[in-house]
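Predicted model, so just to flag it, every value in this text is computed and none were measured. Below, chains carry the letters A, B, ... as their sequence lines are ordered, and counting in each starts from 1.
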Amino acid sequence: MENHRDEIESRKSTIALLGNPNVGKTSIFNALTGSRQVVANWPGVTVEKRAGVMKHHSHTVDVVDLPGTYTLGATSLDEKIARDFLVNEKPGVAMVIGDAVNLERSLYLLLQVLELRGDVVLAVNSVDEARKAGFEIDKNELSKQLGIPVVLTSAVTGEGIEELKNTLVKSTKSSSHVHYLFSDEVEAHLRDLSERIRGNPSLAGFDERWLSIKLLERDYEVQKITGITLDYDFSVEIAETRYKYIKRILSTSVKGKEKIGWNFSEAIDHVMTHRFLGILIFLAVMYIIFQLTFTISGPLSIMIEELLGGLGRAFGGFIGVDWLRSLVVEGIIGGVGAVLVFVPNIFILFLALGILEETGYLPRAAFVIDRPMYAMKLSGRSFISMLLGFGCNVSSIMSTRSISEPKERIVTILVSPFISCSARLPVYVLIAGTFFGSRAGVVIFFLYVLSIVITVLSALLINKLFFKGEPSTLIMELPRYRKPRLSSIILYTWNKGRHFLEKAGTIILGASVVIWFLSYFPSEGAGSFAAIIGKSLEPLFIPLGYTWEMITSLVFGIAAKEVIVSSLTTFFGNLSVSGSSLGAIRTLITPEVALSFLVFVLLYVPCMPTLAVIKNETGSYKYVLFSVFYSLAVAYIVALIVRIVGGLL
Amino acid sequence: MRGRSITFWLIFGGVLFAALSINSFYGLLLTDHDPFLAIIIGINSAIYFFGIVEKKSNVRKRYSHLLVGSFFSYVLSIYQVLVVFSVWLEGLLISSCLLTIEVLNLPLIVSGFAISFLFDFAKKQFETNSF
């Protein structure tokens, strides 16, 4: 008995956060735990569970933020993560976060949680937006109908957060099951199945009624656990019963004005998701972003360049030993500095992407791209993952967990590295700035468009060759448009951009020292180890016209793409650290070779962390090898085409 | 605003930004030759023109084109201001004035800011549901 009580207490020390995608789970998680996890206005931000600690008065409670899910089925990896946590970890309290504006859908998930367990709290979030839209929610009535505590919250304004904390730390005993019955036929089947499950000792830890409901819904995972497969499917009838029950609850607990015509979001969507205009607007938005990334960062880069130049000269002045001066000034300050010059570009890119995410435009982009993507055997859901790749390919691959179709997920993982991540941006800015002057922004935009085109064509090819079948259709809720919040955007930009700074202090610093060593010994320049590496591969690159310095930098760039910039600056730069001091390279190659080099950088082998995450997510080295060789082949072919066509123009 | 007025504003926005697009494409009046910016302005113009194609009876659909089109025009003028600011700052840092009257692209800035009043108006129509 004592043990049993202890178990209950320990179970109560964990709160699981559940909810539909994009209802503000992560915002509530941040508000409860004081964390600074990135939030965004699109579904699928959370693809794995995140843990934090909530301290309230004398209570300390673990809080786990689970990926967004519409049901407790397990059709995709993120849904499975959410359900497995509830079923296996048995947290003390399950808190379902609902959307005040779309309460019907949130309650559907809540009912499924209540079918599984008791000790549930409902937090109805975005209550401020609901009021603006003319809805009033009666939380006492809702609580009475559901038999669980209900709190109205707004993660944006902080409304109800204290009340929510109080509710969570108090005793949260609630009714174990919801009070509705299915049709007589379904109930008869449930009784029969419950009997069979009860007779199986290996299923003693599970709720029989919940397992029975899942079996009637033909849940594959539950069929596997129980060993029971039914010939009949009652999923539609069960869903209808739940919705009828929800309608009854809402009729008494939500009062709102009748909807007339379109609201503001729908009006914008009529144009933004237009069949023709939608794609044109998407391209225009991308152009503006990349042009601004290049233009606005220009003066800021000059300031950093001046600062690092001064630092280089200062160190150069008082270090007497030649090799040590070379290591510090050319190797460390030159190598790392060459990358740091592009910090403004990276931060401005993330700032712009943050605004796009916060406003809710990102899912619209996926929606308009869905039609051409479907023709390429990919769904718009894959495109959302790919768009994340503009930041980092690693997060892009991780986000494929929400793709329910396994083949489609593998294809998305394999083609995602073609999306131009932020690490490649410094290389573009450096080379494009050197060779294309005021047209550099256009060249960068071209590279980004090319990355999307190659990604989509590769998906088509891989699907045709290895995977047959239709892609899953895109069923995605378009979130409401929101005015971007400065604090969210700054947090987003910092969270994404700081990885770049961390890399500069770790991988890039280490790589810069290695590159300096290889380029300085046994003798500087053409007699160095770096030259031996580059020259040994030179015959392969004769058609592309790359010099040994460019080839060596490509080899080093496999560690991290920014290292290409450090390498090029070490090989071509001078004592004054300068992001655009590649004057020497202009005498060695032509603009079409420079463009071909940029295309090669865009498409060739993914960086080491991306390869590692491909292995983790696919569980096989087969896909890692495929990714390496396929991307090398594509990079070589496309770069060669660019060089030939460029030479003809 | 009646149906005829909305048609007028859609035509006005479409023609104005089509003219600005041609202006940027050829670098005619107070602007640099910039074909890519011209294409982006052209897309803005298309947003207005597609509104005219919507059925006259469906005023909400026409308004939505005015709403998005005018907002896009406003964004373009802000974009141009940011570009001008960057060019000015860069010149300041290298002690050389990089600004010219063509770099400013005043027709785009002025038109974008002027048409932002239309955006406010269209937004209010949807918020108050006054059709």
- Between CG of Leu20(B) and CG of Leu28(B), what distance do you get to the nearest 0.5 Å? 11.0 Å
- Heavy-atom proximity to chain A below 4.5 Å, by part of Phe72(B): side chain
- Query: Have Glu357(A) and Tyr492(A) got a donor and an acceptor in their side chains that come within less than 3.5 Å?
  - Reply: yes
- Note on the structure: If one checks every heavy atom of Asn44(B) against chain A at 4.5 Å, the contacting part turns out to be neither
- Please flag which part of Leu92(B) lies under 4.5 Å from any non-hydrogen atom of chain A: side chain, backbone, both or neither. neither
- Could you look at Ile94(B) and say if it's the side chain, the backbone, both or neither that has a heavy atom under 4.5 Å from chain A? side chain
- Query: Contact part of Ile47(B) toward chain A, heavy-atom cut-off under 4.5 Å: side chain, backbone, both or neither?
  - Reply: both
- Side chain, backbone, both or neither of Val83(B) within contact of chain A (heavy atoms, under 4.5 Å): both
- Phe347(A) atom CZ: more than 12 heavy-atom contacts under 6.0 Å: yes
- Quick one: what part of Phe276(A) sits under 4.5 Å from any heavy atom of chain B, side chain, backbone, both or neither? side chain
- Any cation-pi pair here, Arg364(A) with Tyr481(A), using under 6.0 Å and within 45°? yes
- Please flag which part of Leu67(B) lies under 4.5 Å from any non-hydrogen atom of chain A: side chain, backbone, both or neither. side chain
- Item | Flag if over 12 foreign heavy atoms under 6.0 Å of CZ, Phe119(B) | yes
- Basic-acidic side-chain contact under 4.0 Å: Arg60(B), Glu266(A): no
- Identify which part of Ile302(A) has an atom lying under 4.5 Å from any heavy atom of chain B, answering side chain, backbone, both or neither. side chain
- Taking the six-membered ring for Trp and the single ring otherwise, decide whether the centroids of Phe294(A) and Phe445(A) are under 6.0 Å apart. no
- Would you check if Leu37(B) and Asn105(B) make a side-chain contact, meaning some heavy-atom pair closer than 4.5 Å? yes
- Task: Find out whether Leu425(A) and Ile444(A) are in side-chain contact, i.e. whether some heavy atom of one side chain is under 4.5 Å from a heavy atom of the other.
- Result: yes
- Counting heavy-atom pairs under 4.5 Å to chain A, which of Leu82(B), Val87(B), Val68(B) comes out on top? Val68(B)
- Note on the structure: When the 4.5 angstrom heavy-atom criterion is applied to Leu277(A) and chain B, the contacting part is side chain
- Message: Under a 4.5 Å cutoff for heavy-atom pairs, which residue among Asp269(A), Val285(A), Leu292(A) has the most contacts with chain B?
- Response: Leu292(A)
- Item | Top contributor to chain B contacts, counting heavy-atom pairs under 4.5 Å, from Leu300(A), Leu283(A), Thr295(A) | Thr295(A)
